[in-house]
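Keep in mind that this is a model prediction, so the values were computed, not measured. To find a chain, count down the sequence lines: A is the first, B the second, and so on, and within it residues start at 1.
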There are 2 protein chains.
Amino acid sequence: MLEDPRITAMGLFVEAFTGVTARLNVQLAEHGLGNVDFEVLVRLSRSPGGELRMTDLAAQTGLSTSGVTRVVDRLERDGLATRRACPTDRRGSFTVVTAAGVAKMHEVLPDHLALIEEWFTGRLSPEALEALLCSLRTVRDAVRPGATSGAATTAAAA
Amino acid sequence: MLEDPRITAMGLFVEAFTGVTARLNVQLAEHGLGNVDFEVLVRLSRSPGGELRMTDLAAQTGLSTSGVTRVVDRLERDGLATRRACPTDRRGSFTVVTAAGVAKMHEVLPDHLALIEEWFTGRLSPEALEALLCSLRTVRDAVRPGATSGAATTAAAA
DNA sequence: AGCGTATATTTGCTCCAGCAAACATCTTCA
DNA sequence: TGAAGATGTTTGCTGGAGCAAATATACGCT
């Protein structure tokens, strides 16, 4: 049972994924960012107005709401984002990426993209990559029903 | 730059992987296991004699050595593994899976395999799965040079 | 208007993992 | 033999993330 092909498949998934992210995290750490912080900044930067509700961030990232609170605390401490009160619902907050946050993205992204290519996308033929992404999309859609944050992602990919 | 296909590809990788592992972790948690604990138990169970050096566990799992110390502490506390002094090198320890540990595996694995199939392997056609695994193997080999723990894994897959 | 429930965010507490230092033992080489 | 350095494991400390409770606000119904 321990040699079941499903275990093997999952093991490969784990090793490939953790291996790639470990490489990327090294670079992010050099810029003083954790992977979570980076993901949040990317999502903010992609959003119209550069802002998102805390709740939406939680849904998109898969963090708990308290997790989001603390990520945004860090970003705010480092001047990369700010909170803005929601005008129509006084319970809510927007997180807004600052100019410094945008600048940080421009500083980090080129190398980041190069690393993704070096360790992931560039290792596969265009056809293999296309097939891989298609399969990953299938799995993602199964496993993350509400993640229509991916709507933007998916649209961009199409 | 934020819409770069490489970002999109990586995003898909992240979402698919974290989505699947989140599903699996729910089940493991029901049995009182963290994903790390489970991985260690699997690797021990697969090894001849059901034992591995702490250092080898660290290399195979990607944990730090102190991380391994504490995982094994937990397993030992729960009776699922034991330490055995290395007879030829008094600095070293083996971690040995106990009968209870093996029993736990037999208790957990069937459902675990079913979940892998439900959320991952079963979502793809056999050809697509084969292609996916091939690509993942390519990436894994690039990104984890020494991970010849995968030797066992790879051999089993072949 | 006013009560009860639902929703958005934060805070307190706890667990888990990494790093660096401590410690024990081994190895090498003079 | 006996130091100096290498290697295997554990320990102290810190930061990050989740859960559940606290807080603030909104909404619905009478």
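Distance from the side chain of A/Arg70 is smallest to C/dG12 among C/dG12, C/dC26, C/dG18. Picking from C/dG18, C/dT9, C/dC26 the nucleotide with the shortest atom distance to the side chain of A/Thr55 gives C/dT9. Residue A/Arg91 places its side chain closer to C/dA8 than to any other of C/dT25, C/dA8, C/dC19.
Between the side chain of B/Ser64 and the backbone N or O of B/Gly67, at least one donor-acceptor pair lies under 3.5 Å.
Along DNA chain D, the nucleotide nearest A/Arg77 and the nucleotide nearest A/Arg90 are compared for position; the residue whose nucleotide lies closer to the 5' end is A/Arg77. Mapping A/Thr65 and B/Val68 onto DNA chain C by nearest heavy atom places A/Thr65 closer to the 5' end of the strand. A residue-by-residue look at B/Gly92 and A/Gly62 shows that B/Gly92 has its nearest nucleotide of DNA chain D further toward the 5' end.
Nucleotide C/dC16 holds its P atom 11 Å from the CG atom of B/Leu33, rounded to whole Å. If you take CG of A/Asp73 and C1' of C/dT9, they are 11 Å apart, rounded to a whole angstrom. C/dA8 atom P lies 12 Å from atom CE of A/Met54, rounded to whole Å. One atom, CD of A/Glu76, and another, C1' of C/dT9, lie 13 Å apart when rounded to the nearest Å. Going from atom CG of A/Asp89 over to atom P of C/dA6 covers 17 Å, rounded to whole Å. The separation between B/Leu63 atom CG and C/dC16 atom C1' is 10 Å, rounded to whole Å.
Within 4.0 Å of A/Arg53, counting heavy atoms only, lie sugar-phosphate atoms of the nucleic acid but no base atom. B/Val36 comes within 4.0 angstrom of sugar-phosphate atoms only, judged by non-hydrogen atoms across all strands, and of no base. Counting any heavy atom pair closer than 4.0 Å across all strands shown, A/Ser93 reaches sugar-phosphate atoms only and no base atom.
Using a 4.0 Å cut-off between a side-chain N of Lys or Arg and a carboxylate O of Asp or Glu, A/Glu30 and A/Arg23 do not qualify as a salt bridge. Salt bridge annotation for A/Asp73-A/Arg83: present, with a cationic side-chain nitrogen under 4.0 angstrom from a carboxylate oxygen. Remark: A/Arg43 engages B/Glu15 in a salt bridge, criterion side-chain N to carboxylate O under 4.0 Å.
A/Phe13 and B/Phe13 have parallel rings, their planes meeting at less than 30° on a 0 to 90° scale where 60° marks the start of perpendicular.
Across A/Leu12 and B/Leu133, no two heavy atoms sit closer than the pair CD2-O, 3.6 Å.
First and last contacting nucleotides of DNA chain D toward chain A (any atom under 4.0 angstrom from a heavy atom, 5' to 3' order): D/dG16 to D/dA26.
No side-chain donor-acceptor contact under 3.5 Å links B/Arg53 and B/Thr95.
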